[in-house]
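Just so we're on the same page: letters track the sequence lines, and every chain starts at 1. All heavy atoms count here, side chains included; hydrogens, waters and symmetry mates do not.
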There are 2 protein chains.
Amino acid sequence: MQSSQTASGTVKKALSVLDQVASFERPVRLNELVEVSPYPKGTLYRMLQTLRSEGMLTYDETKQAYSLGIRLVRLAHTAWTQSSLAPTARPILDALSKSIGETIHLAQLDNAQVLYVDKRNAQRPVEMFSQAGKVGPAYCTGVGKAMLAFLPETELQQVLEQQSYHRFTPHTLGSVQELRDELSNIRTRGYAYDREEHEPGIICIAMPILTRTKRVMGAISVTSTTSRTSLDQLEALAPKMHQAADAIAETAVHWRFPVEQKTKEKMEG
Amino acid sequence: MQSSQTASGTVKKALSVLDQVASFERPVRLNELVEVSPYPKGTLYRMLQTLRSEGMLTYDETKQAYSLGIRLVRLAHTAWTQSSLAPTARPILDALSKSIGETIHLAQLDNAQVLYVDKRNAQRPVEMFSQAGKVGPAYCTGVGKAMLAFLPETELQQVLEQQSYHRFTPHTLGSVQELRDELSNIRTRGYAYDREEHEPGIICIAMPILTRTKRVMGAISVTSTTSRTSLDQLEALAPKMHQAADAIAETAVHWRFPVEQKTKEKMEG
DNA sequence: CCTAATTGTTTCAAATAGTGAAATGATAGT
DNA sequence: ACTATCATTTCACTATTTGAAACAATTAGG
């Protein structure tokens, strides 16, 4: 599962070290890293120093431990603004949230995983990276299935192979075949459900965000609990969600492909 | 103020390219990059390929343009969780927000700039561009000045030199001497004001977050507009903010220096 | 206070990965 | 079809990275 074994290039290597540090989800010491890293101590040490001096890692002197640095947060803000649907979708999500009043997620596919890029909580206001930035499995979440269903076969094939199937609940789809059947249903229905497939008691309805040419851009979902709501009740939200999804796609296309900008004027020193 | 000129190491170089891409704040083409980059085309090209294949950049084929990739968002989520005050401060900010009802920011210093790591909106939201991950100047924002005021002289000196002083409004402090005087006042007063120094009509009161040993961890601020509130009214919030700042510092120290974890169990293949 | 053990840091010749000027493709405009 | 503009590849040259092992610093135990 490691994508970092054959790290030939230096940059690749550095990023794999970053990932390694991230995977600990707590400050980590050099020797701990050595044990799980394919690189020898000296190499790792120098790499950590470089990353640290670049602000990609922070170093806690008293504990002699490295964590991911806040320079990443800064970069991610730009990434989030540039490459995610979140900024364009924001007003639309706000409106949807107001109208529906349940927890809403906006997700995109990132490397066979679901990446949540925005969220509206039932009550609380905007939480940025608290939820945005989180990843989850594609095959057993509403947003994940909604996106998979509309992926071209070749891409779908790849993504399905990369899933590490795990039975989170009794309702989790256990085989690729089951999943494919489900995806087929989703395609005809137009949207997906999560019937407690990821977490017990949690259900959701998820609507893909598609361009006019049916390319998958992302998905939105409305989540609730079995104790509060039934799937039928959620289904009633489908039209509103469909409308929101279309609006997001529409806005995003205009935003990402604005009228040809004249870049005639070169900026000279 | 490029910090990337003397990029000797490959990693350093790669990161400077990332920054370069980020600075455009829109998808950017190779040739545009060439014009502002110290590296020749071939080198840049290969670097972009590497970064792209690593998911740090996304590439829009139709426009032949690079943007920051969503892998950054994923990494940043961990960084935000690990290295920012935001997660620990969250409940405290929530409470403060509820009690005050104005826009609240939580910021930290990142490389001589102010980095906003969390935010609570006012009930009637003030239209302002500031979100988690956003950066701003340290010398003319409330949170910035609050932190600078309690920096040790050596560090302060460095940071002051790195500011690129710009007169955003008629109230912006224009010289290092003015700023130093202001910082001195802040030190005795215990907190900082922003008197429309960054944006016209926007004022704020900012409280530093200090450890018991007076090391600067960050700052919180309450923002309002001149049309709604006066500085005197904001000043009334100082005690509450002080309390919150102390609470955050307290919690953070406990959180960042937890009791020694046993890591005895090695994970073996 | 000393010794042993652990972890962090530096060294240096060898190996490799990165460089960049210039040639080659690809594409859009006239 | 011709030209201009940009992206991509080439290749001899160079500088950076490598990693085993020595060294230093810190911690734990007696």
Side-chain angles (χ1 to χ4, degrees), chain A residues 4-18 20-21 24 26-54 56-67 257 259-268, chain B residues 4-21 24 26-54 56-67 257 259-267:
Chain A
S4 46
Q5 287 289 45
T6 333
S8 51
T10 314
V11 173
K12 202 167 186 172
K13 202 169 296 185
L15 293 175
S16 89
V17 171
L18 266 192
Q20 207 80 258
V21 173
F24 275 79
R26 61 172 177 79
V28 61
R29 304 189 59 169
L30 172 57
N31 254 30
E32 298 180 290
L33 238 23
V34 170
E35 297 190 10
V36 298
S37 174
Y39 312 116
K41 210 184 203 174
T43 304
L44 246 180
Y45 175 74
R46 268 173 287 115
M47 191 66 81
L48 289 172
Q49 291 309 310
T50 307
L51 257 12
R52 179 158 93 93
S53 81
E54 286 302 308
M56 300 295 279
L57 292 176
T58 57
Y59 183 64
D60 183 332
E61 307 219 5
T62 66
K63 292 172 71 176
Q64 293 189 123
Y66 302 86
S67 317
F257 305 102
V259 273
E260 286 294 284
Q261 303 259 4
K262 299 294 176 194
T263 324
K264 291 270 169 62
E265 304 181 23
K266 306 280 174 59
M267 38 185 68
E268 22 215 279
Chain B
S4 44
Q5 287 291 44
T6 333
S8 51
T10 314
V11 173
K12 202 167 187 172
K13 201 169 297 185
L15 293 175
S16 89
V17 170
L18 265 192
D19 269 348
Q20 207 81 258
V21 172
F24 275 79
R26 62 171 175 81
V28 61
R29 304 191 59 170
L30 172 57
N31 254 31
E32 298 179 289
L33 238 23
V34 171
E35 297 192 7
V36 297
S37 174
Y39 311 117
K41 209 184 202 176
T43 304
L44 246 180
Y45 175 73
R46 266 173 289 115
M47 193 65 82
L48 289 171
Q49 290 309 311
T50 308
L51 257 13
R52 179 157 93 94
S53 81
E54 286 301 309
M56 300 295 278
L57 292 176
T58 57
Y59 184 64
D60 183 333
E61 308 219 3
T62 65
K63 292 171 71 176
Q64 293 189 122
Y66 302 85
S67 316
F257 305 102
V259 275
E260 287 292 285
Q261 304 259 2
K262 300 290 176 198
T263 323
K264 290 273 167 62
E265 303 180 25
K266 310 278 174 61
M267 39 185 67

Starting at atom [atom1] of [X], determine the distance to atom [atom2] of [N], rounded to an integer number of angstrom.
{"X": "A:Glu35", "N": "C:dT6", "atom1": "CD", "atom2": "C1'", "result": "12 Å"}
{"X": "B:Leu44", "N": "C:dG18", "atom1": "CG", "atom2": "P", "result": "15 Å"}
{"X": "A:Lys12", "N": "D:dT18", "atom1": "NZ", "atom2": "C1'", "result": "18 Å"}
{"X": "B:Asp60", "N": "D:dA7", "atom1": "CG", "atom2": "P", "result": "13 Å"}
{"X": "A:Leu30", "N": "D:dA24", "atom1": "CG", "atom2": "P", "result": "19 Å"}
{"X": "B:Tyr59", "N": "D:dT8", "atom1": "OH", "atom2": "C1'", "result": "10 Å"}
{"X": "B:Glu32", "N": "D:dC6", "atom1": "CD", "atom2": "C1'", "result": "12 Å"}

Could you pull out the protein-nucleic contacts involving nucleotides 28-30 of chain C (nitrogen or oxygen on both sides, under 3.5 Å)?
none

Does the A:Ser37 side chain pair with the main chain of A:Val34, one donor and one acceptor, at a distance under 3.5 Å?
no
Closest to the side chain of B:Asn31, out of C:dG18, C:dT9, D:dC6, is D:dC6
Selection from C:dT9, D:dT9, C:dG8 that lies nearest to any side-chain heavy atom of A:Tyr66
C:dT9
Pick out which of A:Gln49, A:Glu32, A:Arg52, A:Arg29 makes a side-chain hydrogen bond (donor to acceptor under 3.5 Å, both in side chains) with A:Tyr66.
A:Gln49
Give the angle between the helix axes at the two ends of the helix from C:dC1-D:dG30 to C:dT30-D:dA1, taking five base pairs at each end and rounding to 10°.
50°
Given C:dT9, is OP1 or OP2 found less than 4.0 Å from the side-chain N or O atoms of A:Tyr45?
yes
With a 4.0 Å limit, can you tell me whether B:Thr10 has a side-chain N or O closer than that to the phosphate oxygens OP1/OP2 of D:dT17?
yes
What N/O pairs connect the protein and nucleotides 20-26 of chain C at under 3.5 Å? Give each pair on its own line.
residue, atom, partner, partner atom, Å
C:dG20, OP2, B:Thr43, OG1, 3.3
C:dG20, N7, B:Arg46, NH2, 2.7

For A:Asp60 and A:Thr58, which I'm curious about, is there any donor-acceptor pair between the side chains at under 3.5 Å?
no
